[in-house]
Protein chains: 2
Amino acid sequence: MPTANLDLTFQALADPTRRGMVERLSLGPASVSELAAPYAMSLPAIVQHLALLEASGLVRSEKVGRVRTCRMEPAALSLAEQWFNQRRAEAEQRLDRLGEYLKRFPDGDPT
Amino acid sequence: MPTANLDLTFQALADPTRRGMVERLSLGPASVSELAAPYAMSLPAIVQHLALLEASGLVRSEKVGRVRTCRMEPAALSLAEQWFNQRRAEAEQRLDRLGEYLKRFPDGDPT
DNA sequence: TATATAGTTAGGTAATTGCTTAAGTATGGA
DNA sequence: TCCATACTTAAGCAATTACCTAACTATATA
């Protein structure tokens, strides 16, 4: 339902850095600097990416002491996944109907 | 594997107009003006959205006479879907390992 | 052949994105 | 208490995005 959230989710996943961060977090929680380690860019840039991931709901984080620990929010992932499933379901339904139709009128239009 | 293509795919799906067009095309092929009909924006804007959908490989189109017919390319959708499946698989694996671990050391660290 | 239809091309603009550097603020350890 | 660590905030900038209008090119149809 919340189409705005799908916007944010897909937008978040459209960037290879952010997708990399999600891949990392799918293996388990990580601190900001751990997330940043594989990338050549500045820490503020990473933090900005993280902010988008949090805005989309894909990632949640909490700070204890001076380290912020980030972890995946699986529900947000599955929301996007559902969208794909619906599209596939529709496409398959359509092809089923087309199949039925062709079985009844193998030569095309029933004219 | 082609991470650049995932970029384009998710980028394409991040916009509600384009996502709407994909939803429409999941029900079956449509002409450019049919795709444009539900939206308040100009035709050139729609054509631009369509160009992004084609660049991502989600949609393919061909022009016959003066009408261009657009249709879904299911393979591109399933590429994105696979990415989600991998993420979920990893997350579940991790939780399984965590479960095993807790079964062996119910009190936490094995120190 | 004239006119409407379906789409295309070109150019412009305001807002957003993905970075950067510089200068902070807490927190934890020697 | 001093210093390093782990971020955070602010400001700026070049490139991209999502539109727009105006003008154009084909292809049907009357």
Side-chain angles (χ1 to χ4, degrees), chain A residues 3-25 28-72 76 80, chain B residues 3-25 28-72 76 80:
Chain A
T3 176
N5 211 285
L6 269 186
D7 284 18
L8 293 178
T9 300
F10 284 129
Q11 183 63 49
L13 295 176
D15 182 272
T17 302
R18 287 191 295 265
R19 223 164 42 242
M21 290 165 78
V22 167
E23 287 168 14
R24 167 63 188 81
L25 290 176
S31 72
V32 173
S33 1
E34 278 165 1
L35 277 181
Y39 302 101
M41 71 188 68
S42 71
L43 199 60
I46 293 290
V47 171
Q48 246 168 339
H49 282 304
L50 188 56
L52 291 198
L53 287 171
E54 296 209 47
S56 75
L58 283 168
V59 168
R60 165 176 51 97
S61 80
E62 53 183 341
K63 194 166 183 176
V64 39
R66 61 186 169 181
V67 22
R68 174 173 299 278
T69 300
C70 312
R71 55 191 80 240
M72 284 299 300
Chain B
T3 175
N5 211 286
L6 271 185
D7 284 19
L8 293 177
T9 300
F10 284 129
Q11 182 63 50
L13 296 176
D15 182 273
T17 302
R18 287 192 296 265
R19 222 163 43 242
M21 291 166 77
V22 166
E23 286 167 15
R24 169 63 189 80
L25 291 175
S31 73
V32 172
S33 359
E34 279 166 0
L35 277 182
Y39 302 101
M41 71 186 67
S42 71
L43 200 58
I46 293 290
V47 172
Q48 243 169 340
H49 282 305
L50 188 56
L52 290 198
L53 288 172
E54 296 210 47
S56 75
L58 282 168
V59 168
R60 164 176 51 94
S61 79
E62 54 183 340
K63 194 168 182 174
V64 39
R66 63 184 169 182
V67 22
R68 174 174 298 279
T69 300
C70 311
R71 56 190 81 239
M72 284 300 298

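These numbers come from a predicted model, not from an experiment. Throughout, protein chains are lettered first and strands after them, A, B, ... in sequence-line order, and every chain is numbered starting at 1.
Straight-line distance from the CZ atom of A:Phe10 to the C1' atom of C:dT17: 19 Å, rounded to whole Å. Here D:dT8 presents its P atom at 8 Å from CG of A:Leu50, a figure rounded to the nearest Å. Here the P atom of nucleotide C:dA6 and the CG atom of B:Leu35 are 14 Å apart, to the nearest Å. Between the CD1 atom of A:Ile46 and the C1' atom of C:dT17 there is a distance of 15 Å, rounded to whole Å. The interatomic distance linking B:Glu34 (CD) with C:dT5 (P) rounds to 16 Å, in whole Å.
Across all non-hydrogen atoms, the minimal contact from A:Glu34 to A:Ala30 is OE1-CA, 3.3 Å. Contact between B:Tyr39 and B:Ile46 at its shortest, heavy atoms only, is CD1-CD1, 3.9 Å. For the pair B:Cys70 and B:Val59, the tightest heavy-atom approach, listed with the atom from each and the gap, is CB-CG1, 4.1 Å.
Remark: A:Ser33 engages A:Ser31 in a side chain to side chain contact (heavy atoms under 4.5 Å, CB included) (not counting sequence neighbours). Partners of A:Arg19 under the side chain to side chain donor-acceptor pair (under 3.5 Å) rule, at least two apart in sequence or in another chain, are B:Thr3, B:Asp7. Residues meeting the side chain to side chain contact (heavy atoms under 4.5 Å, CB included) test with B:Ala76, sequence neighbours left out: B:Leu58.
The residue among A:Ala40 and B:Val32 whose nearest nucleotide of DNA chain C is located toward the 5' end is B:Val32.
For the pair A:Ser31 and D:dC7, the criterion of a side-chain N or O lying under 4.0 Å from OP1 or OP2 is met. Using a 4.0 Å cut-off, some side-chain N or O of A:Lys63 falls inside it from OP1 or OP2 of D:dT8.
Between the side chain of A:Arg18 and the backbone N or O of A:Gln11 there is at least one donor-acceptor pair closer than 3.5 Å.
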Do any N or O atoms of the protein come closer than 3.5 Å to N or O atoms of nucleotides 12-18 of chain D, and which pairs are they?
from   : atom 1 : to      : atom 2 : distance (Å)
D:dA18 : OP1    : B:Arg18 : NH2    : 3.4
D:dA18 : OP2    : B:Arg18 : NH1    : 3.1

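Between B:Leu35 and B:Leu25 there is a side-chain heavy-atom pair separated by less than 4.5 Å.
Under the salt bridge (charged side-chain N to carboxylate O under 4.0 Å, His left out) criterion, the residue pairs touching residues 50-61 of chain A are A:Arg60-A:Glu73, with sequence neighbours excluded.
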Problem - Contact state string [nucleotides 21-30 of chain D, B base, S sugar-phosphate only, - no protein heavy atom under 4.0 Å] - result: BB----BS--

